[in-house]
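Structure below; questions to follow.
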Number of protein chains: 2
Amino acid sequence: MNSLDDFDRKLLMEVQRDAQLPQNELGARVNLSTAAVNRRLRRLADEGVIQNYTAVVAPEKVGYLLTIIASVEVESEQIDLLDAMKRTFAQCPQIQQCYYVAGEWDFVLVLTVRNMDEYTALTRQLFFSNNNVKRFKTLVSMSRVKVGLSVPVDIDGK
Amino acid sequence: MNSLDDFDRKLLMEVQRDAQLPQNELGARVNLSTAAVNRRLRRLADEGVIQNYTAVVAPEKVGYLLTIIASVEVESEQIDLLDAMKRTFAQCPQIQQCYYVAGEWDFVLVLTVRNMDEYTALTRQLFFSNNNVKRFKTLVSMSRVKVGLSVPVDIDGK
DNA sequence: TCTGAAAATGGACCTTT
DNA sequence: AAAGGTCCATTTTCAGA
């Protein structure tokens, strides 16, 4: 049902780089007619391979000057407590990413905040006032060396 | 030069959620004519507020089943050594994100890989064979609770 | 804000494998 | 059948009045 060919992979590569390329330009790059490109992009979206199209906003241009990585260890791994935390984290607009991980920590969060005060307030709200947070650690980003969600869909293996 | 009004903020909000909304639909949502929407989106892109438009690909649908968070401590913080590492990390397609951080670690990486073998190979290439890596730690993501790059541009403060 | 031209999308239909 | 190509109508973009 869900096997991608080289056309699909090339399209995904291009459209991850620039989702605004018109379909005729995509067609020129991957060697397909615009109609075929149109059909494939629709199929990829329908199948959920392409989750969505989004504009990437530069946080520093809208006043979000700080990026923070926070690790969280929980007190109890009881399912409903975990689910509640996941929901809380997912809903928090400043949390861009939340991973539930195995290892020394239970959650890793990537946050974007305006300044340290905003982060301090968030730690109160998210960590200190949550009984199930045993401890957390903060790493402050000095440089966002690479930031993206691109998946490498090179032309080869499977 | 770069002050956003509520129209801009609403547009950014919408277009982060779905970059495919036509400009007339955006206009209806934020209460502007399509021409005004058109001009504003162009301006936001020109100013770099909108960095780019991209299709978000579901990694698991293209065979990238594992998400890994890796922390790296370096041996020396000599500028040229750091720059070399940054370049290496930035170029690695499986590294989605790389932050240079202050705190217990020097780098935090978010990686997407097909499987553990691929990650093991990457650790050889990126960490073990790099003299400037003192130590690294791996956290394996069991659940990608929230994954995005959205910046909260709600309607309020500055 | 409105109007209109140029461009892009997406369906219908036919052809190829 | 499954997928590509061509053609065409509709929608969208975007500049000028």
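Model, not experiment: these values are computed from the prediction. In what follows, every heavy atom counts, from backbone to side chain, and hydrogens, waters and symmetry copies are set aside. Chain letters run A, B, ... following the sequence lines, proteins first, then strands; residues in each count from 1.
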If you look at every strand shown and take non-hydrogen atoms under 4.0 Å, does Ala36(A) touch a base, only sugar-phosphate, or nothing?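 Ala36(A): backbone/sugar contact only, no base atoms under 4.0 Å.
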Figure out the CZ/P separation between Arg43(B) and dA15(D), and round it to whole Å.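 Those two atoms, CZ and P, are 15 Å apart.
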Measuring only between side-chain heavy atoms, which start at C-beta, is Val110(B) closer than 4.5 Å to Thr67(B)?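 A side-chain contact under 4.5 Å exists here.
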When the distance from CG of Leu21(B) to C1' of dT9(C) is rounded to whole Å, what number comes out?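 Atom CG in Leu21(B) sits about 16 Å away from atom C1' in dT9(C).
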Leu26(A) CG to dG10(C) P, straight-line distance once rounded to whole Å: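 Result: 12 Å.
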NZ/NE/NH1/NH2 to OD/OE distance under 4.0 Å, Asp46(A) and Arg43(A):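 A salt bridge is absent here (no side-chain N lies under 4.0 Å from a carboxylate O).
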I'd like to know if Glu25(A) and Arg29(A) make a salt bridge, using a cut-off of under 4.0 Å between side-chain N and carboxylate O.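 Yes.
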Rounded to the Å, how far apart are Asp5(A) CG and dA2(D) P?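 So the two atoms are 15 Å apart, to the nearest Å.
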Qualifying residue, where the test is side chain to side chain contact (heavy atoms under 4.5 Å, CB included) with Phe127(A) and the options are Thr138(A), Asn132(A), Leu109(A), Leu122(A):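 By the side chain to side chain contact (heavy atoms under 4.5 Å, CB included) criterion, Phe127(A) pairs with just one of Thr138(A), Asn132(A), Leu109(A), Leu122(A): Leu109(A).
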Listed nucleotide nearest any side-chain atom of Ser33(A), set dA3(D), dT13(D), dG5(D):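 Per side-chain heavy atoms of Ser33(A), the pick is dG5(D).
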Measure CG/Asp6(A) against C1'/dG4(D) and give the value in whole Å, please.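 About 16 Å, once rounded to whole Å.
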When you compare the protein's N or O atoms with those of nucleotides 8-12 of chain D, which come within less than 3.5 Å of each other, and at what distance?
none

In whole angstroms, how far is the C1' atom of dT1(C) from the CG atom of Leu32(B)?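 That distance rounds to 12 Å.
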Go through dA15(D), dG4(D), dG11(C) for me and flag the one nearest to the Arg42(B) side chain.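 Within the option list, the nearest is dA15(D).
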Tell me whether the OP1 or OP2 atom of dA3(D) has a side-chain N or O from Arg40(A) closer than 4.0 Å.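 The answer is no; no side-chain N or O of Arg40(A) sits under 4.0 Å from OP1 or OP2.
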Donor-acceptor pair under 3.5 Å, Arg39(A) side chain vs dG5(D) base: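 Such a pair is found, so the answer is yes.
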Determine whether Phe7(A) and Leu26(A) fall in the same hydrophobic cluster, where Ile, Leu, Val, Met, Phe, Trp and Tyr are linked whenever their side-chain heavy atoms lie under 4.5 Å apart.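 They do share one cluster, since a chain of ILVMFWY contacts under 4.5 Å joins Phe7(A) to Leu26(A).
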Closer than 4.0 angstrom, basic N to acidic O: yes or no for Glu104(A) and Lys137(B)?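 Salt bridge flag = yes for Lys137(B) with Glu104(A).
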When the C1' atoms of the five terminal pairs at each end define the local axes, what inter-axis angle does the helix from dT1(C)-dA17(D) to dT17(C)-dA1(D) show, to 10 degrees?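 About 20°, once rounded to a multiple of 10°.
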Linking I/L/V/M/F/W/Y whenever their side-chain heavy atoms sit closer than 4.5 Å, directly or via other members, would Val108(A) and Ile95(A) fall into one cluster?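 Different hydrophobic clusters.
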For the residue pair Phe136(A) and Phe128(A), categorise the inter-ring angle as parallel (less than 30°), tilted (30 to 60°) or perpendicular (more than 60°).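 The rings of Phe136(A) and Phe128(A) stand perpendicular, inter-plane angle above 60°.
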Given the rule in the ring-ring contact (aromatic ring centres under 6.0 Å, His included) test, do Tyr99(A) and Phe89(A) qualify, once you have shown the distances and angles that lead to the verdict? CA-CA 10 Å; Tyr99(A) 303 95; Phe89(A) 291 151; over 10 Å; no
Between dG4(C) (C1') and Asn38(B) (CG): distance, integer Å: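 Distance, rounded to whole Å: 14 Å.
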